[in-house]
Amino acid sequence: MLLLEYEQSEYQMKQIPKITTPFTESVNISLPIIMAPMFLVSNEKMMRAGMSSGIMATFPTLNYRDENELESVLVSLNTHHESVKGTGSYGVNLIVQKTNPLYKKHLEICVKHKVPFYITSLGNPVEVIEKAHLYGGKVYCDVTTMVHAEKVVSQGCDGLIAVCSGAGGHAGPNSPQVFIQALREKFPHLPVIVAGGIANGRGIAGMLMLGADGVSVGTRFIATPEADVSDQYKDEIIKADVDDIVMTDKISGTPCNIINTDYVKKIGTKQNVLERFLNNNRTTKKYFKMLTQLKGMKAVEKAAMSATYKTVYCAGQTVHLVKEVTPVEKIIERFVDEYQACIKELPKVEGHVHA
């Protein structure tokens with residue numbers, strides 16, 4: 001699983017590295033890496049660069065809230081996918097929670113264009129699983145707890161994405177070192193991807209050794225020329241340290257990791273008493289969550305796309321490992337080099353005799 005091989009890509013006419021795991025075999029890609037779907041950050045340029053470099057590049061459908069725009073992007077990505085098939089691929093992230101008013105329409109469009117890979121978040125994925133499986137699409141589900149994992153496995157998902165502490169955006173509570181192994185023990189027949197805490201090849205090697213079949217990397221890809229976010233956002237990623245990441249429930253009503261800017265310090269990271277009541281009350285929670293998410297999306301969008309004092313930047317603890325703006329292709333090449341070096345550097349066992 002950890003051996004590094006190379007294959008020739010017809011698209012790039014250069015040596016493409018290949019690390020084979022159950023995940024890469026399941027989705028027909030070269031490297032066990034997902035470019036994580038990032039709200040407002042992920043775009044078509046990033047998808048194309050990731051696909052051409054041998055990974056699974058994904059984006060949230062909510063980045064294209066105009067349905068005609070989403071259709072146009074999918075048509076373009078399907079064309080590119082044909083040219084790199086067997087090297088890289090692409091997928092979408094669907095928020096399947098009832099508070100997403102575009103979920104049904106976006107799923108319909110994605111099924112129409114036979115999107116090859118789905119990541120579901122924050123809700124019941126059964127409809128996505130059923131419709132994607134009709135044409136051979138794969139569905140991996142974000143999970144933060146064993147209870148949620150058991151539920152989506154029973155519904156027929158193709159793989160699990162263990163969203164762990166330290167991940168950017170909606171992070172989970174569990175340590176990847178334990179959660180990966182718990183999922184692997186409970187569901188040995190399914191690929192397990194880990195999200196949170198990976199921004200270099202050493203991190204990839206470590207997660208595969210723990211039993212993961214792949215990794216999901218988000219924060220590192222924000223500081224790229226392909227990302228259309230503001231230079232201010234990229235600068236904040238580069239400047240921030242691990243202790244600058246804080247979790248807030250004010251943005252979407254769900255715990256979310258962001259950079260602790262001066263503005264965030266001013267507004268705080270916890271919902272007030274009234275907000276918590278409205279967020280948890282059976283009668284009001286659906287509508288309050290929708291309102292909270294709408295306000296949060298607008299705040300994040302304003303900060304991501306232009307200079308503003310209202311700075312709300314989603315990011316994970318791996319900001320500590322991001323030192324410069326680097327093209328997507330170079331990041332992936334560096335991942336492979338660092339991975340290979342890490343494997344070679346591992347201490348060897350000497351003098352051990354089996355009983």
Original post:
Mind checking whether His106 and Leu70 have side chains closer than 4.5 Å, heavy atoms only?
Top reply: yes
Subject >> Gap separating the CE atom of Met209 from the CD1 atom of Ile204, nearest 0.5 angstrom >> reply: 11.5 Å
Kindly list each side-chain donor-acceptor pair under 3.5 angstrom involving residues 131-138, sequence neighbours excluded, with atom names and distances?
residue: Lys131; atom: NZ; partner: Glu127; partner atom: OE2; Å: 3.3
residue: His133; atom: NE2; partner: Asp158; partner atom: OD1; Å: 3.2
residue: His133; atom: NE2; partner: Asp158; partner atom: OD2; Å: 2.8
residue: Tyr135; atom: OH; partner: Val115; partner atom: N; Å: 3.3
residue: Tyr135; atom: OH; partner: Val115; partner atom: O; Å: 2.7
residue: Tyr135; atom: OH; partner: Tyr118; partner atom: OH; Å: 2.6

Original post:
So, Thr61 versus Asn93: side-chain donor-acceptor pair below 3.5 Å or not?
Top reply: no
**OP:** State whether the side chain of Asp228 and the backbone N or O of Val41 hold a donor-acceptor pair below 3.5 Å, judged by distance alone.
**Re:** no
**OP:** State, with a plain yes or no, whether a side-chain heavy atom of Asn63 is found less than 4.5 Å away from one of Asn43.
**Re:** no
Original post:
Step by step, would you call Thr120 with Asp142 a side chain to side chain contact (heavy atoms under 4.5 Å, CB included)?
Top reply: CA-CA 6 Å; Thr120 65; Asp142 280 349; over 6 Å; no
Considering only distance and modelled atom types, tabulate donor-acceptor pairs under 3.5 Å from the side chains of residues 184-193, sequence neighbours left out.
residue: Arg184; atom: NE; partner: Gly211; partner atom: O; Å: 3.2
residue: Arg184; atom: NH1; partner: Leu190; partner atom: O; Å: 3.1
residue: Arg184; atom: NH2; partner: Gly211; partner atom: O; Å: 3.0
residue: Arg184; atom: NH2; partner: Asp213; partner atom: OD1; Å: 3.4
residue: Arg184; atom: NH2; partner: Asp213; partner atom: OD2; Å: 2.3

Original post:
Would Ser76 and Glu44 count as having a side-chain donor-acceptor pair, cut-off 3.5 Å?
Top reply: yes
Original post:
How far apart are the closest heavy atoms of Asp241 and Asp244, and which atoms are they?
Top reply: N-OD2, 2.7 Å
Subject >> Point-to-point distance, once rounded to the nearest 0.5 Å, from CG of Leu77 to OG of Ser72 >> reply: 9.5 Å
Subject >> Phe179 with Val163, same ILVMFWY side-chain cluster at under 4.5 Å >> reply: no
Original post:
Is it true that the side chains of Gln232 and Ser230 contain a donor and an acceptor less than 3.5 Å apart?
Top reply: no
Original post:
Is there a donor-acceptor pair closer than 3.5 Å between any side-chain N or O of Ser53 and the backbone N or O of Gly50?
Top reply: no
**OP:** Any chance you could lay out the salt bridge (Lys or Arg N to Asp or Glu O under 4.0 Å) test for Glu345 and Arg202, step after step, and finish with the verdict?
**Re:** CA-CA 10 Å; Glu345 290 170 6; Arg202 185 174 294 273; 2.9 Å; yes
Subject >> Distance in Å, Ile109 CD1 paired with Glu71 CD, rounded so as to fall on 0.5 Å steps >> reply: 5.0 Å
**OP:** Could you grab the distance from atom CD1 of Ile33 to atom CD1 of Ile198, nearest 0.5 Å is fine?
**Re:** 10.0 Å
**OP:** Consider only side-chain N and O atoms of Tyr339 and Asn200, and report whether a donor and an acceptor are under 3.5 Å apart.
**Re:** no
Subject >> Aromatic plane relationship, Phe59 with Tyr90 - under 30° parallel, 30 to 60° tilted, over 60° perpendicular >> reply: parallel
